[in-house]
Amino acid sequence: MKIRMSTRATAVILITVLLAVGCNNNKFALQGGSETPPKTKTELTFYYPIDVGGPVTATLEGMVEQFMKEYPDIRVKPIYMGNYNDATIKTQASVLGNNPPDVAVLPSTQLFTLLDMNAIVSLDPFIAKEGGTAYLSDFYEPFLVNSQTGGHTYSIPFQRSTVLLYYNADAFREAGLDPSKPPETWDDLRRVAKQLTTDKRWGIEIPSSGSTNSTWMFQMLALQNGGMLMSPDGKQVYFDTPENAGALEYWLRLSREQHVMPIHPLNWAAVPADFLSGKTAMMYYTSGNLTNMRKTASFPFHVAFPPKSRRFATPTGGGNFYIFKGTSEERHKASWIFVRWMTEPERVAQWSMDTGYVAVRKSAYDTDRMKSYTQQYPAALVARDQLVYADEELSTHNNEKVIRVLEEAIQEALSGRKSPAEALKQAQNEADKELQPFQ
């Protein structure tokens, strides 16, 4: 994606303006912002979700309080909207009710749906003032893919994640395994999970209950097996392929043939609870829960790339900042100042340390605090390092219905009611119907 760059004359004018702003407001100039703060008090409504454990709400609202200290003329009202699914539903309802928030963190996968609702503004004008491609290039590319379409940028990455393999180091030692050597392939995972399984402990757990959670895990396995789920424009899906059927078959066999994982559906929140209580020795889970796990676990654990089939792979996950239509231009500008501030390198570095989410900007890892933190806790770099193997998360037009169709197919297969191939073929037919209006 290319952003049109300013002419040299425009650049000179912009620099002059920035220097003038800096003379009047040193704090603003140090932050590198180009939008001047409003001259009168502006109130913004900010919707946000929390989908992981730990005191993330307090962390996020503390950031908002700090922002308002630095920008006293912009008052931000943070409103917790539940998990990602709840936040999506409530935000869409507010848009349909002509009462949208000014700004919200929502799943990056909501891009096409929000565009179809004519709900969000293009961020291109704001980004151009920040330096255009130079500004965007500091964000990791796999996080930007779900932010852009048609040559335009509609959201800014914030609380983003990848899938990690968490494993109990003590359990590895008890089973005669070396904790410094996590499984690297699907065959390794089966073998290691078998050695770790006892009468009181499962070898591995993979969240399988809940639409976005089960489809996220399935996409990871599909990508590892050489599959893909959708077209970049969100108008087509490719569920019914041998690679994807093989991925779902592998997942199914872990429970029904290998007996290293429960047969029953595994709730998203229950999996880390099982890991912390010793009911499972390994789990696939979001990197966004890493800090909470580190502070909560009573035993040593490690994280690693999820094992590969044909290749290492993970979908990205998590939420981006969107700015909504239906409010004034002045509030759009204030919303951008807030978004830009929340995603500055020092800020996202601290956010990453406080939560486990990947710091979305490359320069965040060059900050002194992040360097010090990752030297003390190198595991915090694993999620970032596997971005070279990351693909964008499943995102389409009519996204909720398409996701629901795939989730139902996953449940049909994991329950043994249909074969993986049969379930995915049906999901393909149903998803094609949902996407027909967008062809």
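Atoms considered below: every heavy atom in the structure, side chains included; atoms not considered: hydrogens, waters and symmetry mates. Numbers for residues simply follow the sequence, beginning at 1.
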**Message:** Whether the side chain of Thr109 engages the backbone of Ser395 through a donor-acceptor N/O pair (distance < 3.5 Å, no angle test) should be reported.
**Reply:**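 Side chain of Thr109 to backbone of Ser395, a donor-acceptor pair under 3.5 Å: no, none is there.
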**Test item: Thr374 side-chain N/O and Lys371 main-chain N/O as donor-acceptor pair under 3.5 Å** =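 It does hold such a pair.
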Closest heavy-atom pair and its distance - [X], [Y]:
X: Glu392; Y: Val145; answer: CD-CG1, 3.5 Å
X: Val192; Y: Pro183; answer: CG2-CB, 4.3 Å
X: Tyr322; Y: Leu106; answer: CE1-O, 3.6 Å
X: Thr153; Y: Asp124; answer: N-OD1, 3.0 Å
X: Ser287; Y: Tyr166; answer: CA-OH, 3.8 Å
X: Arg160; Y: Ser108; answer: NH2-OG, 3.4 Å

[X] [atom1] to [Y] [atom2] distance, which is reported to the nearest 0.5 Å:
X: Leu177; Y: Tyr167; atom1: CG; atom2: OH; value: 10.5 Å
X: Gln148; Y: Ser122; atom1: CD; atom2: OG; value: 10.0 Å
X: Ser277; Y: Arg201; atom1: OG; atom2: CZ; value: 11.5 Å
X: Gln219; Y: Phe239; atom1: CD; atom2: CZ; value: 9.5 Å
X: Leu394; Y: Leu223; atom1: CG; atom2: CG; value: 10.0 Å
X: Leu414; Y: Glu249; atom1: CG; atom2: CD; value: 10.5 Å

Going by atom types only, do [X] and [Y] share a side-chain donor-acceptor pair under 3.5 Å?
X: His397; Y: Thr113; result: no
X: Ser231; Y: Asp233; result: yes
X: Gln110; Y: Tyr84; result: no
X: Ser147; Y: Asn320; result: yes
X: Thr316; Y: Glu393; result: no

Enclosure of [X] [atom1] (heavy-atom neighbours >12, cutoff 6.0 Å):
X: Lys194; atom1: NZ; value: yes
X: Lys181; atom1: NZ; value: no
X: Glu257; atom1: CD; value: yes
X: Asp178; atom1: CG; value: yes

**Request:** Flag the pair Phe338 / Phe46 as yes when their ring centroid distance falls below 6.0 Å, and as no otherwise.
**Result:** yes
**Request:** Taking the six-membered ring for Trp and the full ring for Phe, Tyr or His, determine whether the centres of Phe218 and Trp251 are under 6.0 Å apart.
**Result:** no
**Tyr377 six-ring face occupied by Arg294 cation (under 6.0 Å, within 45°)** =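 Pair Arg294/Tyr377 counts as cation-pi.
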**Request:** May I ask you to establish whether Arg384 and Tyr365 are in a cation-pi arrangement, using a distance under 6.0 Å from NZ or CZ to the six-membered ring centre and at most 45° from the ring axis?
**Result:** yes
Ion pair present between [X] and [Y], side-chain N to carboxylate O less than 4.0 angstrom?
X: Glu430; Y: Lys433; result: no
X: Lys425; Y: Asp240; result: no
X: Asp432; Y: Lys401; result: no

**side chain to side chain donor-acceptor pair (under 3.5 Å) evaluation trace for Asn85 with Thr88** = CA-CA 5 Å; Asn85 289 337; Thr88 296; 5.6 Å; no
pair [X]-[Y]: side-chain heavy atoms closer than 4.5 Å:
X: Ile156; Y: Leu123; answer: yes
X: Trp186; Y: Leu221; answer: yes
X: Glu130; Y: Arg340; answer: yes
X: Leu266; Y: Ser209; answer: no
X: Arg190; Y: Arg253; answer: no
X: Glu400; Y: Ile403; answer: no
X: Tyr47; Y: Thr45; answer: yes
X: Glu412; Y: Glu422; answer: no

**Request:** Could you go through the side chain to side chain donor-acceptor pair (under 3.5 Å) check for Thr286 and Asn289 one step at a time?
**Result:** CA-CA 6 Å; Thr286 173; Asn289 205 38; over 6 Å; no
**Request:** Check the pair Arg361 / Asp138 against salt bridge (Lys or Arg N to Asp or Glu O under 4.0 Å), numbers first and verdict last.
**Result:** CA-CA 5 Å; Arg361 297 183 68 162; Asp138 193 36; 2.9 Å; yes
**Prompt:** So Arg331 and Leu44, side chain to side chain contact (heavy atoms under 4.5 Å, CB included) or not? Walk me through it.
**Reply:** CA-CA 7 Å; Arg331 283 163 67 173; Leu44 303 177; 4.1 Å; yes
**Request:** In sequence, state the C-alpha distance, the side-chain angles, and the governing distance for Arg369 and Glu346, and then conclude on salt bridge (Lys or Arg N to Asp or Glu O under 4.0 Å).
**Result:** CA-CA 8 Å; Arg369 65 178 68 184; Glu346 288 282 353; 3.0 Å; yes
**Prompt:** Asn225 and Glu243: side chain to side chain donor-acceptor pair (under 3.5 Å), yes or no, with the steps?
**Reply:** CA-CA 6 Å; Asn225 205 37; Glu243 293 82 6; over 6 Å; no
**Request:** Applying side chain to side chain contact (heavy atoms under 4.5 Å, CB included), run through Leu435 and Lys235 and close with a yes or a no.
**Result:** CA-CA 6 Å; Leu435 292 171; Lys235 296 180 179 180; 5.9 Å; no
**Request:** Decide salt bridge (Lys or Arg N to Asp or Glu O under 4.0 Å) for Arg404 and Glu407; before the verdict, give the C-alpha distance in whole Å, the side-chain angles of both, and the deciding distance to 0.1 Å.
**Result:** CA-CA 5 Å; Arg404 191 178 308 121; Glu407 195 271 338; over 6 Å; no
**Request:** Could you label the plane-to-plane angle of the Phe312 and Phe305 rings as parallel, tilted or perpendicular, counting under 30° as parallel and over 60° as perpendicular?
**Result:** perpendicular
**Asked** Would you call the rings of Phe299 and Phe275 parallel, tilted or perpendicular if under 30° counts as parallel and over 60° as perpendicular?
**Response** perpendicular
**Request:** Could you walk me through whether Tyr48 and Glu61 pass side chain to side chain donor-acceptor pair (under 3.5 Å), step by step?
**Result:** CA-CA 10 Å; Tyr48 71 92; Glu61 295 193 356; 2.6 Å; yes
**Prompt:** Taking it one step at a time, do Phe126 and Val339 satisfy side chain to side chain contact (heavy atoms under 4.5 Å, CB included)?
**Reply:** CA-CA 11 Å; Phe126 301 114; Val339 170; over 6 Å; no
**Request:** Evaluate the side chain to side chain contact (heavy atoms under 4.5 Å, CB included) criterion for residues Val402 and Phe112: first the C-alpha distance (whole Å), next the side-chain angles of each, then the deciding distance (0.1 Å), finally the verdict.
**Result:** CA-CA 12 Å; Val402 171; Phe112 295 114; over 6 Å; no
**Request:** Could you point out which residue of Phe321, Phe158, Phe67 forms a ring pair (Phe, Tyr, Trp, His ring centres under 6.0 Å) with Trp341?
**Result:** Phe67
